[in-house]
Amino acid sequence: MLLSMASNQQTRPGIGELAKDSARDRIGVVMGAVGGRVQIRPIGGGTEWDAIPDNVVPPSPREELSARLSIKNRNSRGGL
């Protein structure tokens with residue numbers, strides 16, 4: 001019984017990690033948690049938003065790759 005309970009638990013992203021707010025379908029970086037909410041900042045910077053912890057999940061491998069590629073592209077355009 002204990003094994004099946006543990007396998008159903010989901011690991012939430014920690015501070016500094018990419019996370020998906022499933023309620024808003026947005027990906028950002030976890031900045032912290034205050035007042036029972038998780039603060040997430042858009043990948044390119046900007047204003048953080050609050051997310052309900054149950055809605056904060058790791059992005060899929062495809063979503064993470066897309067987000068990281070977006071960061072690389074944004075950084076490469078900065079020098080033009």
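Below, all heavy atoms of this structure are taken into account, side chains as well, without hydrogens, waters or symmetry copies.
- Using modelled atom types, no side-chain atom of E64 and backbone atom of L18 make a donor-acceptor pair closer than 3.5 Å.
- The shortest side-chain heavy-atom distance between R41 and T47 does not fall under the 4.5 Å cut-off.
- For the pair R37 and I52, the minimum side-chain heavy-atom distance is below 4.5 Å.
- W49 and I15 end up in the same hydrophobic cluster when Ile, Leu, Val, Met, Phe, Trp and Tyr side chains are linked at under 4.5 Å.
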Exercise for the section: Evaluate the criterion side-chain contact (heavy atoms from CB on, under 4.5 Å) for residue pair K20 and D25; output intermediate values, then yes/no. Expected result: CA-CA 7 Å; K20 179 178 180 179; D25 198 30; 3.0 Å; yes
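- Across R12 and P53, no two heavy atoms sit closer than the pair NE-O, 2.8 Å.
- If you take CG on L65 and CZ on R62, they are separated by 9.0 Å, rounding to the nearest 0.5 Å.
- The two residues A19 and P13 come nearest to each other via the heavy atoms CB-CG, 3.6 Å.
- In terms of heavy atoms, Q39 sits closest to D50 at NE2-OD1, 3.1 Å.
- The OG atom of S22 sits 11.0 Å away from the CD1 atom of I27 when rounded to the nearest 0.5 Å.
- A distance of 7.5 Å separates CD1 in I71 from CZ in R74, rounded to the nearest 0.5 Å.
- I43 and M31 end up in the same hydrophobic cluster when Ile, Leu, Val, Met, Phe, Trp and Tyr side chains are linked at under 4.5 Å.
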